[in-house]
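Each remark here refers to the structure printed beneath this line.
Just follow the structure's listing: the first ligand is 1, and inside any ligand the first atom is 1.
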Amino acid sequence: MSLALHSTDTRELFDRYVVPNYGRFPLRLSRGQGSRVWDEDGNEYLDFGAGIAVCSIGHCHPRVIDVMTKQLGTLVHTSNLYYTRPQGLLAKRLVELVGEPGKVFFCNSGAEANEALYKLARKFGNDCEPPPPTHTTGEEIAPEQNRFGIITFDGSFHGRTLAGIAATGQEKVKRGFEPMVEGFSQVPFNDAPALLAAIRPDTAAVLLEPIQGEIGIRPATQQFLKTVRSICDDYGLLLLFDEIQCGLGRTGDWCGWRSIAPDVIPDAVSWAKGIAGGFPLGAIWVRDKSVSLKSGGDISLANLLGPGSHGTTFGGTPLVCSGALEVLNVIESEGLLENARTLGDYARSAIAQIDSPLISEIRGVGLMFGIELAPDFAEKANTGDRAPSLWLVDRLHEAHLLAVPSGTHAIRWLPPLNVTRAEIDEAVGILRRVLPSAG
Ligand SMILES: Cc1ncc(COP(=O)(O)O)c(C=O)c1O
């Protein structure tokens with residue numbers, strides 16, 4: 001049995017034994033180094049997907065290998081029944097990166113980090129005083145009624161848990177899993193009047209991605225972020241940022257929203273993806289701000305999730321936290337925020353110079369690129385049954401460049417933050433070659 005399994009092709013193993021919930025590309029990857037990966041046949045690819053914005057300092061960075069190998073031989077896991085130094089140090093580092101007093105909770109993934117935000121919002125709505133009457137929606141909220149609503153935005157993506165798909169502003173992720181978890185509603189992105197109109201007496205929070213990642217990279221406007229902050233202040237709502245894809249360096253700033261609206265301070269932020277350079281880790285930062293309890297007295301929002309209110313066995317192990325600390329150290333000591341800013345701008349203008357009628361827009365901030373394909377891409381490029389984004393990613397793979405589709409008409413480049421100018425030139429050259437000449 002084991003011999004037979006050993007000789008089975010990797011794809012066949014998946015076909016027989018792995019739940020088919022992903023539409024995978026036909027690549028069997030086996031090794032990575034820096035911005036490159038290799039398949040089982042030894043073919044090399046330039047990796048501009050980086051595991052969907054996860055391998056933030058490329059594959060197998062020697063400093064991370066060193067630190068994690070040492071930690072692997074020291075202490076891997078203890079559960080959260082005990083104190084472990086790497087978790088405490090990483091929490092301190094993350095609070096310092098935000099630059100505002102607060103506290104951090106660790107979990108294992110983006111969806112799980114957002115779950116912590118939803119629970120924070122519900123706890124806030126349950127336990128804390130509604131806003132003062134001058135800032136209500138005009139409708140009364142009965143004293144025994146709790147606020148639990150979370151407003152999110154069309155086009156958003158917040159993960160695949162039941163609450164995550166209810167929060168997500170895309171019908172395709174909800175389909176087949178109805179009924180949705182109660183309390184989530186969506187309004188158009190970058191539309192403050194629509195947000196205002198959606199606030200109800202039972203609304204507790206607003207959750208948004210400062211740069212929407214899953215519909216072709218769409219940044220919020222500066223004005224929108226500022227207005228949402230003041231709406232949340234006026235109505236006593238929590239402002240929650242999902243920085244799972246855009247946070248911790250990808251935009252050229254530790255906090256993605258600061259690349260857009262530097263002065264806005266959210267009440268809580270979720271992270272995952274690039275935080276530990278490829279190891280599963282999620283986290284939320286919660287602001288140290290005073291909120292009034294219905295039961296009397298004040299409490300810091302950062303202490304609202306008290307003992308027993310939330311948890312996870314694996315969140316923040318010594319192993320993953322030591323790796324994440326070193327990833328953040330590498331980003332800082334190798335000047336990768338600056339690299340993300342300069343090479344991001346460089347790449348956007350290089351892609352613009354391709355000047356193809358098949359590309360309708362290039363969006364993004366730092367090393368987060370959305371390349372929007374022309375509405376008539378399918379006809380011009382003759383993509384057949386394949387969605388234009390998938391068709392183009394197939395062609396890029398054939399030319400040895402990994403990229404990520406984003407909806408049907410956009411592709412994403414999310415290269416490691418230590419990508420080089422030469423690698424950007426190489427990727428742009430491949431894109432230029434692969435785009436069929438049309439128009
Ligand atoms: C903005 C955003 N939020 C949440 C998630 C969910 O993260 P995970 O897949 O780690 O659960 C993702 C994943 O793509 C994301 O991009």
Ligand 1 contacted by Ile52 (non-hydrogen, < 4.0 Å): no
Ring centres under 6.0 angstrom apart (Tyr45, His397): no
Pair Phe377 + His409: ring centers closer than 6.0 Å: no
Heavy atom of protein closer than 4.0 angstrom to atom 3 (N) of ligand 1: yes
Nearest neighbour of atom 13 (C) of ligand 1 from the list Glu115, Gln245, Lys273, on a heavy-atom basis: Lys273
Region of Glu214 engaging ligand 1 - heavy atom pairs below 4.0 Å: side chain
Protein contact of atom 1 (C) of ligand 1 - nearest heavy atom, named by residue and atom, plus distance: Glu209 OE1, 3.2 Å
Asp233 bridged to Arg229 by N-O distance under 4.0 Å: yes
Element-labelled atoms of ligand 1 that are located less than 4.0 Å from some non-hydrogen atom of His158: 3 (N), 4 (C)
Partners meeting salt bridge (Lys or Arg N to Asp or Glu O under 4.0 Å) with Arg200 (sequence neighbours left out): Asp202
Worked verdict on Phe184 versus Tyr118 for ring pair (Phe, Tyr, Trp, His ring centres under 6.0 Å): CA-CA 10 Å; Phe184 294 92; Tyr118 314 141; 5.1 Å; yes
Below the 3.5 angstrom mark, is there an N/O of [X], backbone or side chain, next to an N/O of ligand 1?
X      : answer
Gly110 : yes
Ile244 : no
Ala111 : yes
Glu112 : no

Neighbour count >12 (heavy atoms, 6.0 Å) for atom NZ, Lys226: no
